[in-house]
Amino acid sequence: MEDIYEKYQVKQVINASGKMTILGGSRVSEDICQQMNIGASHFFEVKDLLDKTGNYLAALIGVESAYIVNSASGAIAQSVAACVSRGKLQYILDIYNPENKKREVIICKGHNVDYGTPIEVTIGMGGGHVVEAGYANKCTLEHIEAKINENTVALIYVKSHHCVQKGMPDMKAFIELGHRYHLPVIVDAAAEEDLKVYDNLGADAVVYSGTKAFEGPTSGLLIGKKVFIDQVKKQSQGIGRVMKVGKENILGLTYAIEKYLSKEHLTLQQQSQRLEIFNQKLNANDGISARIIQDGAGRLIMRSEITFDEKKLSKNALQIAQALKEGELHIYTRDYRANEGKIEIDIRDVNDQELNMIYEKIVKIIGGRKDE
Ligand SMILES: *Cc1c(COP(=O)(O)O)cnc(C)c1O
């Protein structure tokens, strides 16, 4: 095979950061690529393909309706557009028409995150105006209720490690509140792994990224109530066109989800086993302490958390994370907490050889092995 890294002079990357969009999401397996190949090399009526793969997935997952889109962001924007246009073709075709005043979308302040793009931008693309409820560290149902008025068209709940985790309302109560006011509730669960739980709580639409937990191609999945998803589908005549999904990715994601639902997932214990040897080697160095921790938002992911002692190493975690990204081989770690002296290693897309390369590079950056 032609060496793409050589041909285009692109940088070689090890992804120990998780399902990062800036690195292309997931490593897509051979069998999924085969389905994408079939999609790419045949014709379909795309609407038919979307309807039928959606029905197939809805039955498989056990929900009323499912719809494949280009990305989780695309699913959010089109869901908002469905709420802003409210079935009126003139609004679908003119989603930002200022005469349509009903476009307020309520979100808890602690959920108004930047996942690479501020979610406000995504909601704005669908014609929504973000109205924040509550405060950074606290949002109650009363805070939300206080923001509901005749221009409110939807409530959005973001379930994510990016969000403030404490002081936020319970999702079920949030959904019930929306429904008490006859407002649709959209759940952004882009990086989550459970395809049933949020739908079961009664959300009108639940948004997933195809390339995160499900390890599919660049795509998104929307599941939820049929009446709601039917309105989202209509956006293909409007903003949906600028975010269309390709037939190769429709077939790729359908297969990826089928595979995800049927395969055995590595248990937390199995994930930990892989990390133990890596951590032992790191812990043999003075100034480094590594331990295994579960994902901060409670997902079934185990990672190695490495703490660097700046005094002993004369380098801090931020500098080490940066140095890992430089040179011949660009190693991306989870460095959200580097300011606290910690980085995390996510091994879902890292093989054993690469894990060893990460160890070697860390040792090199701290100036050689520091025997305890
Ligand atoms: C990743 C992410 C998105 C966007 O997903 P894409 O498929 O890349 O558009 C949206 N919301 C949250 C919380 C995310 O983590």
Side-chain angles (χ1 to χ4, degrees), residues 15 17-28 32 36 57 66-81 105 107-126 128 130 132 139 154-165 168 171 174 185-195 197-198 203 205-224 232 235 239-240 242-246 248-250 252-254 256-257 260 295-301 303 332 334-336 344 346 348-349:
N15 179 7
S17 60
K19 308 295 181 185
M20 288 294 263
T21 294
I22 54 161
L23 302 179
S26 286
R27 210 195 290 265
V28 179
I32 296 174
M36 293 171 70
L57 286 175
Y67 182 43
I68 292 177
V69 293
N70 70 319
S71 64
S73 301
I76 296 167
Q78 293 185 80
S79 295
V80 169
V105 176
I107 186 169
C108 302
K109 194 179 181 81
H111 286 183
N112 193 2
V113 294
D114 180 323
Y115 55 76
T117 300
I119 194 167
E120 275 186 313
V121 170
T122 311
I123 292 169
M125 274 196 80
V130 165
E132 286 184 347
C139 180
L155 265 53
I156 293 194
Y157 193 102
V158 183
K159 175 79 180 77
S160 168
H161 59 285
H162 292 303
C163 293
V164 175
Q165 305 293 325
M168 294 297 126
M171 192 192 294
F174 182 93
V185 180
I186 301 161
V187 174
D188 174 5
E192 299 302 303
E193 50 218 348
D194 195 317
L195 280 160
V197 63
Y198 313 116
V206 189
V207 171
Y208 296 91
S209 186
T211 190
K212 290 181 179 169
F214 314 123
E215 308 195 314
T218 301
S219 54
L221 178 72
L222 191 63
I223 62 172
V232 177
Q235 308 308 313
I239 61 159
V242 296
M243 44 188 90
K244 74 177 177 189
V245 58
E248 61 288 348
N249 289 353
I250 298 171
L253 181 64
T254 306
I257 289 185
Y260 181 84
D295 173 63
R299 291 172 297 176
L300 300 175
I301 308 164
R303 302 192 180 95
Y332 280 75
R334 251 179 131 70
D335 53 12
Y336 301 117
E344 290 175 31
D346 186 310
R348 285 175 293 166
D349 283 314

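Index from 1, following the sequence. One-based numbering, in listed order, for ligands and for the atoms of each.
Ring-plane geometry between His161 and Tyr336 is classed as tilted, the angle between the planes lying from 30 to 60 degrees on a 0 to 90 degree scale.
Residue Lys159 places no heavy atom under 4.0 Å from ligand 1.
Looking only at heavy atoms of the protein, atom 6 (P) of ligand 1 is closest to Ala72 N, 3.6 Å. The nearest protein atom to atom 4 (C) of ligand 1, hydrogens excluded, is given as Tyr115 CE1, 3.4 Å; this is a heavy-atom distance. The protein non-hydrogen atom at the shortest distance from atom 11 (N) of ligand 1 is Asp188 OD2, 2.6 Å. For atom 14 (C) of ligand 1, the closest heavy atom belonging to the protein is Lys212 NZ, 3.0 Å. From the protein, the heavy atom lying nearest to atom 7 (O) of ligand 1 is Ser209 OG, 2.7 Å.
At distances below 3.5 Å, at least one donor-acceptor pair connects side-chain atoms of Thr211 with backbone N or O atoms of Gly216.
Using a 4.0 Å cut-off between charged nitrogen and carboxylate oxygen, Glu215 and Lys19 count as a salt-bridge pair. Using a cut-off of 4.0 Å between Lys/Arg side-chain N and Asp/Glu carboxylate O, Asp295 and Arg303 are scored as salt-bridged.
Ligand-side atoms of ligand 1 in range of Thr21: 8 (O), range being under 4.0 angstrom from any heavy atom. Those atoms of ligand 1 that come under 4.0 Å of a heavy atom in His162, given as number and element, are 15 (O).
The heavy-atom pair separating Met243 from Ile239 by the smallest distance is CG-O, 3.6 Å.
Looking at Ser160 against ligand 1, only its side chain comes within 4.0 Å, counting heavy atoms. Residue Ser73 touches ligand 1 through backbone and side chain together, judged by heavy-atom distances below 4.0 Å.
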Report the C-alpha separation of Tyr115 and Thr21 in whole Å, then their side-chain angles, then the decisive distance to 0.1 Å, and conclude whether the side chain to side chain donor-acceptor pair (under 3.5 Å) test is met. CA-CA 9 Å; Tyr115 55 76; Thr21 294; over 6 Å; no

Met36/Asn249 under side-chain contact (heavy atoms from CB on, under 4.5 Å): CA gap, chis, key distance, verdict: CA-CA 6 Å; Met36 293 171 70; Asn249 289 353; 3.3 Å; yes

